[in-house]
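Being a predicted model, the structure only gives us computed values, none of them experimental. One-based numbering, in listed order, for ligands and for the atoms of each.
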Amino acid sequence: MEKISVIVSCYNEEKSIPLFYEEMERVSKDFENIEFEYIFVNDGSKDETLNVIKELRSKDNKVRYISFSRNFGKEAAMFAGLEAAEGDYVTLMDADLQDPPKLLKEMFDAIKNEGYDSVATRRVTRKGEPKIRSFFARMFYKLINKVTDFEMVDGARDYRLMTKQVKDAIISMKEYNRFSKGLCSFVGFNTKWIEYENVQRVAGETKWSFWKLFKYALEGITAFSTAPLALASIMGILFCLISGLFIALIIIKTVVFGDPTSGWPSMVCIMIFLGGVQLLSLGVIGQYLSKTYLEVKNRPIYIVKETEKKN
Ligand code: UDP
Ligand code: MG
């Protein structure tokens with residue numbers, strides 16, 4: 001019998017998990033001859049999440065769990081789940097039911113009958129999200145698609161169903177700075193996109209502040225593009241050319257018209273401007289250097305405190 005592993009990253013989701021489990025149990029009845037396993041990854045929750053999961057485990061052997069020693073972030077949680085998954089198919093879902101389990105059947109059929117290797121989802125609306133957040137999200141996707149060769153789909157969720165082969169390809173990338181949407185695009189394979197309307201979370205609240213999202217966006221850009229580094233060189237070349245032009249102009253001016261001392265205000269402006277450009281470029285290099293620094297350290301992506309195997 002074939003098996004689907006459902007990976008759920010959970011951070012303070014005590015209220016959502018039981019609802020999620022119920023919904024999944026209902027949905028799994030539509031599948032014939034398919035076994036399920038649920039892998040709940042507790043990403044250092046501060047509430048009763050772990051106990052809620054353990055209680056499910058005591059009632060249902062399909063439920064497995066991995067509990068981290070602290071909060072490592074959703075990317076780390078998804079990675080841990082993928083590593084632990086034993087199924088022939090693997091799906092990644094949020095605990096808050098924003099990734100509707102009822103789409104799973106359609107996704108599964110696309111892999112089974114239409115020959116796709118993975119099925120990804122994107123929400124076509126951002127209803128119920130703060131306007132400013134949607135605006136920056138759209139800008140981010142425009143920008144990242146300009147500077148990288150890998151396609152990043154606007155509104156793409158982490159909710160996907162994939163074959164074991166695709167999963168193995170994704171976990172073969174053990175980088176520390178993980179940006180799943182890029183990783184999934186990087187591995188290739190035949191991917192079908194399914195669209196759906198945005199769904200509000202069932203309980204609890206979002207864990208992504210604007211600042212956290214901003215840092216994640218930078219991560220996405222530095223992880224999948226080196227264009228900002230090239231930008232520094234391009235600006236360098238541009239300013240060299242401009243300064244060459246100015247030097248020639250000044251020489252001609254001095255020779256032909258003499259040399260009155262003037263133009264201090266414009267000089268100060270130019271100096272400040274160039275200082276700014278230099279600092280910006282240094283900052284860009286610093287970003288890449290810091291990411292490289294973290295990769296080179298080769299620290300584990302997550303640390304497990306306990307799993308169901310110890311019980
Ligand atoms: N999550 C996680 N670790 C974190 C933050 C979030 O595992 O550090 C999980 C969270 O429990 C949820 C999913 O990631 O299942 C998506 O988070 P959330 O719903 O807060 O994000 P949003 O849907 O608002 O983008
Ligand atoms: Mg959510």
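Heavy-atom proximity to Glu13, at under 4.0 Å, picks out these atoms of ligand 1: 10 (C), 11 (O), 12 (C), 15 (O). Of all atoms in ligand 1, listed by their number and element, those nearer than 4.0 Å to a heavy atom of Asp96 are 19 (O), 23 (O). The atoms of ligand 1 that sit less than 4.0 Å from any heavy atom of Gly73 are 3 (N), 8 (O). Shown in contact with Asp43 at under 4.0 Å from a heavy atom are these atoms of ligand 1, numbered in order with element: 2 (C), 3 (N), 4 (C), 7 (O), 8 (O). The distance from ligand 1 to the heavy atoms of Arg133 drops below 4.0 Å at these ligand atoms: 24 (O), 25 (O). Close contacts between ligand 1 and Thr206 involve ligand atoms 20 (O), 21 (O), 22 (P), 24 (O) [criterion: under 4.0 Å to a heavy atom].
Protein heavy atom closest to atom 23 (O) of ligand 1, with residue, atom name and distance, is Gln98 OE1, 2.5 Å. The nearest heavy-atom contact from the protein to atom 21 (O) of ligand 1 is Trp208 CD1, 2.9 Å. The nearest protein atom to atom 1 (N) of ligand 1, hydrogens excluded, is given as Tyr11 CB, 3.8 Å; this is a heavy-atom distance. In this structure, the protein non-hydrogen atom closest to atom 18 (P) of ligand 1 is Arg201 NH2, 3.3 Å. Scanning all protein heavy atoms for the shortest distance to atom 8 (O) of ligand 1 gives Asn71 ND2, 3.1 Å. When only non-hydrogen protein atoms are considered, atom 20 (O) of ligand 1 lies nearest to Lys207 N, 2.7 Å. Among protein heavy atoms, atom 15 (O) of ligand 1 sits closest to Ser9 O, 2.7 Å.
Counting non-hydrogen atoms of other residues, nucleotides and ligands closer than 6.0 Å to CZ of Phe239 gives a total above 12. Shown here is Tyr288, whose OH atom has more than 12 heavy atoms of other residues, nucleotides or ligands within 6.0 Å. Annotation: Ile132, atom CD1; neighbour count of heavy atoms from other residues, nucleotides and ligands within 6.0 Å does not exceed 12. The environment of Lys102 atom NZ is sparse: at most 12 non-hydrogen atoms of other residues, nucleotides or ligands sit within 6.0 angstrom. Environment of NZ in Lys297: crowded, with over 12 heavy atoms of neighbouring residues, nucleotides or ligands closer than 6.0 Å. Around atom NZ of Lys15, no more than 12 heavy atoms belonging to other residues, nucleotides or ligands sit under 6.0 Å away.
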- Verify salt bridge (Lys or Arg N to Asp or Glu O under 4.0 Å) between Glu37 and Lys3, making sure each step is shown before the conclusion. CA-CA 7 Å; Glu37 76 173 350; Lys3 190 193 255 186; 3.7 Å; yes
- Query: Could you go step by step and tell me if Asn177 and Glu295 meet the side-chain hydrogen bond (donor to acceptor under 3.5 Å, both in side chains) rule?
  - Reply: CA-CA 7 Å; Asn177 299 291; Glu295 293 296 345; 3.0 Å; yes
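By the criterion of a heavy-atom distance under 4.0 Å, the backbone of Cys10, and not its side chain, is placed next to ligand 1. Both the backbone and the side chain of Lys74 come within 4.0 Å of ligand 1, counting heavy atoms alone. Here Asp94 has heavy atoms under 4.0 Å from ligand 1 in both its backbone and its side chain. Residue Val8 does not touch ligand 1, judged by heavy-atom distances below 4.0 Å. Of all the heavy atoms of Glu75, none lies under 4.0 Å from any atom of ligand 1, so neither backbone nor side chain is involved.
Ser118 and Arg160 make their closest contact through OG-NH1, 4.0 Å (heavy atoms, listed as atom of the first residue, atom of the second, distance).
The list of salt bridge (Lys or Arg N to Asp or Glu O under 4.0 Å) pairs with a residue in residues 177-192, not counting sequence neighbours, reads Glu114-Lys192.
The closest side-chain donor-acceptor pair between Asp60 and Tyr21 falls under 3.5 angstrom. Side chains of Gln165 and Asp168: no donor on one and acceptor on the other come within 3.5 Å.
Both the sub-6.0 Å distance and the 45° axial angle are satisfied by Arg70 relative to the ring of Phe72.
Protein N/O/S atoms found under 2.8 Å from the Mg ion (ligand 2), listed by chain and residue number: Asp96 OD2, Gln98 OE1.
For the pair Ala77 and ligand 1, the shortest N or O to N or O distance does not fall below 3.5 Å.
Taking Phe31 as the reference, Ile4, Val27, Ile34, Phe36, Leu104, Lys105, Phe108 meet the side-chain contact (heavy atoms from CB on, under 4.5 Å) condition, with sequence neighbours excluded.
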Taking only distance into account, with no hydrogens and no angle test, what donor-acceptor pairs under 3.5 Å do side-chain atoms of residues 214-225 form with protein atoms, sequence neighbours excluded?
{"residue": "Tyr216", "atom": "OH", "partner": "Glu75", "partner atom": "OE2", "Å": "2.4"}
{"residue": "Glu219", "atom": "OE1", "partner": "Lys291", "partner atom": "NZ", "Å": "2.7"}
{"residue": "Thr222", "atom": "OG1", "partner": "Leu218", "partner atom": "O", "Å": "2.9"}
{"residue": "Thr222", "atom": "OG1", "partner": "Glu219", "partner atom": "O", "Å": "3.2"}
{"residue": "Ser225", "atom": "OG", "partner": "Val147", "partner atom": "O", "Å": "2.6"}
{"residue": "Ser225", "atom": "OG", "partner": "Ala227", "partner atom": "N", "Å": "3.0"}

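At least one heavy atom of Lys212 lies less than 4.0 angstrom from ligand 1.
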